[in-house]
Q: 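So that we are looking at the same thing, I have put the structure below in structure tokens.
The chains referred to below are lettered A, B, ... by the order of the sequence lines, with proteins before strands, and numbering in each begins at 1.
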2 protein chains.
Amino acid sequence: MGDMLDSCYQELERRHIRLTPQREAVLLALYRDRDGHLTPYELFKKAKKIYPELGLATVYRTLELFLGTGLLRDVQFDKGITQYELKDAKGSRHHHLVCKCCGHLQEINGIFPKKLLDQVNEETGFLITDYCCQFYGYCEQCRAGSNYDDRQVEIEKHVRKEV
Amino acid sequence: MGDMLDSCYQELERRHIRLTPQREAVLLALYRDRDGHLTPYELFKKAKKIYPELGLATVYRTLELFLGTGLLRDVQFDKGITQYELKDAKGSRHHHLVCKCCGHLQEINGIFPKKLLDQVNEETGFLITDYCCQFYGYCEQCRAGSNYDDRQVEIEKHVRKEV
DNA sequence: TTCCTTGCAAATCCTTTGCAAGGGT
DNA sequence: ACCCTTGCAAAGGATTTGCAAGGAA
């Protein structure tokens, strides 16, 4: 599984981007937490354990750099909160299911048939190279729980008219 | 087309949420701009024309309120920028295509076969009631333009390993 | 009266920037 | 020598909060 990390190193080298200890600390922290999503500040705290002199501004600069290099994806779940994840960290494209009741975040793997994306390209001329989807709703636990209001959900659906 | 506005009014009434002039100004401004996406501040400026005493904080509070009521959807395109839109404003579910080259935002209508969403429900127990997708890539104009670097796009794809 | 809503200003939180210092090439 | 990168502190921007006043129920 050093595979993913290797391809990051290679990509950075290919682009002549210097791998400073700060940048490496950020990369490693992202890698260690590849099953989650980190905010810049969370990442800062984790990376600081690897390289204690690290400054928060450097984390932001590094994230911006890695983003431009295509190593990361940034995901917005809630207002003002940006989280980052290494691309392909889960071995394949994935999406996020956010429970509106308990806030739980779970992931599902690529549900898009490639055909769908090709179709968009054909119809609009837009070439999709990346995407990020959030699905909101109610998780299994909450739906089983006592504070789950079925009626409320029906109303939501109604206001929306369709799902 | 007062239809959409009507259902908002009804929903607010049903929930015993008082429709103050400030709130109505916000709602109307959203409605008038239903083909676009507004940031809170843009919305503030527009709604202020309808009700000049309006304060910015009230706009934020109202957006939060409407969001909880399910009248709105919030969309994050870029770090730190949240935009709002009335739900079903375009008559049907839509998605966003963001060009990484020129920043142009265009919309496409629901490309999800309902089957896909049902399948998620079956497999995970998660009930999707809403979703929001951003697709990133390159628009037709940019791909035709001279500063479009085909090789760069290939590299992106490679780093990502798949689209 | 009591509760809700508001405008304003202050506070807070997240992110970016200016700058001088340190390190690589 | 030159350019890149960094940490720190300050600046900037967006959003939230405290509070006293006004209005509805």
Q: Figure out the CG/C1' separation between A:Leu54 and D:dT6, and round it to whole Å.
A: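 Computing the A:Leu54:CG to D:dT6:C1' distance gives 10 Å.
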
Q: Starting at atom NZ of A:Lys45, determine the distance to atom P of C:dC14, rounded to an integer number of angstrom.
A: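 These atoms are roughly 10 Å apart.
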
Q: Are B:Lys87 and B:Met4 close enough that some pair of their side-chain heavy atoms sits under 4.5 Å apart?
A: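 No, their side chains stay 4.5 Å or more apart.
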
Q: Write out a two-atom table: protein N or O, nucleotide N or O from nucleotides 22-25 of chain D, distance below 3.5 Å.
A:
none

Q: If I take atom CZ in residue B:Phe44 and atom C1' in nucleotide D:dG13, what distance separates them, rounded to the nearest angstrom?
A: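 These atoms are roughly 15 Å apart.
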
Q: Tell me if the OH atom of B:Tyr9 is crowded by more than 12 foreign heavy atoms within 6.0 Å.
A: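 Yes, because the 6.0 Å sphere around OH of B:Tyr9 holds more than 12 heavy atoms from other groups.
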
Q: Taking CD from A:Glu24 and C1' from C:dG23, how many angstroms apart are they, rounded to a whole number?
A: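 To the nearest whole Å, that distance equals 17 Å.
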
Q: For B:Glu53 and C:dT5, what is the distance between atoms CD and C1' respectively, to the nearest whole Å?
A: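 It is 14 Å, rounded to the nearest whole Å.
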
Q: Are B:Glu24 and B:Tyr51 close enough that a side-chain donor and a side-chain acceptor fall under 3.5 Å?
A: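 No.
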
Q: Between C1' on C:dT15 and CG on A:Leu38, what's the gap in Å once rounded to a whole number?
A: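 Distance check: A:Leu38 CG to C:dT15 C1' gives 17 Å.
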
Q: To the closest 0.5 Å, what do you measure between CD (B:Glu85) and CG (B:Leu30)?
A: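 That separation rounds to 10.0 Å.
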
Q: Answer yes or no: does a side-chain N or O of A:Thr58 lie under 4.0 Å from OP1 or OP2 of D:dT5?
A: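 A:Thr58 to D:dT5 OP1/OP2: no side-chain N or O under 4.0 Å.
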
Q: Between C1' on C:dC8 and NZ on B:Lys48, what's the gap in Å once rounded to a whole number?
A: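 Value for this atom pair: 11 Å.
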
Q: Specify the separation, in whole Å, of atom CG of B:Leu19 and atom C1' of C:dT5.
A: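 Distance check: B:Leu19 CG to C:dT5 C1' gives 13 Å.
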
Q: Answer yes if the side chains of B:Thr39 and B:Gln83 hold a donor-acceptor pair under 3.5 Å, and no otherwise.
A: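 Side-chain D/A pair, B:Thr39 to B:Gln83: absent.
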
Q: Minimum heavy-atom separation for A:Arg23 and A:Phe66, please, with both atom names.
A: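 Distance-wise, the nearest heavy atoms are O-CZ, 3.9 Å.
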
Q: Can you tell which of A:Leu43, A:Thr82, A:Leu71, A:Asp74 makes a side chain to side chain contact (heavy atoms under 4.5 Å, CB included) with A:Leu63?
A: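 The side chain to side chain contact (heavy atoms under 4.5 Å, CB included) with A:Leu63 is passed solely by A:Leu43 among A:Leu43, A:Thr82, A:Leu71, A:Asp74.
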
Q: What nitrogen or oxygen pairs link the protein and nucleotides 14-17 of chain D at under 3.5 Å?
A:
| unit_1 | atom_1 | unit_2 | atom_2 | d |
| --- | --- | --- | --- | --- |
| D:dT15 | OP2 | B:Tyr60 | OH | 2.2 |
| D:dT15 | O5' | B:Tyr60 | OH | 3.2 |

Q: Which one of A:Thr58, A:Val59, A:Ile50 satisfies the side chain to side chain contact (heavy atoms under 4.5 Å, CB included) criterion with A:Val26?
A: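 That would be A:Val59.
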
Q: Closer than 4.0 angstrom, basic N to acidic O: yes or no for A:Glu42 and A:Lys45?
A: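 Salt bridge between A:Glu42 and A:Lys45, a charged N being under 4.0 Å from a carboxylate O: no.
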
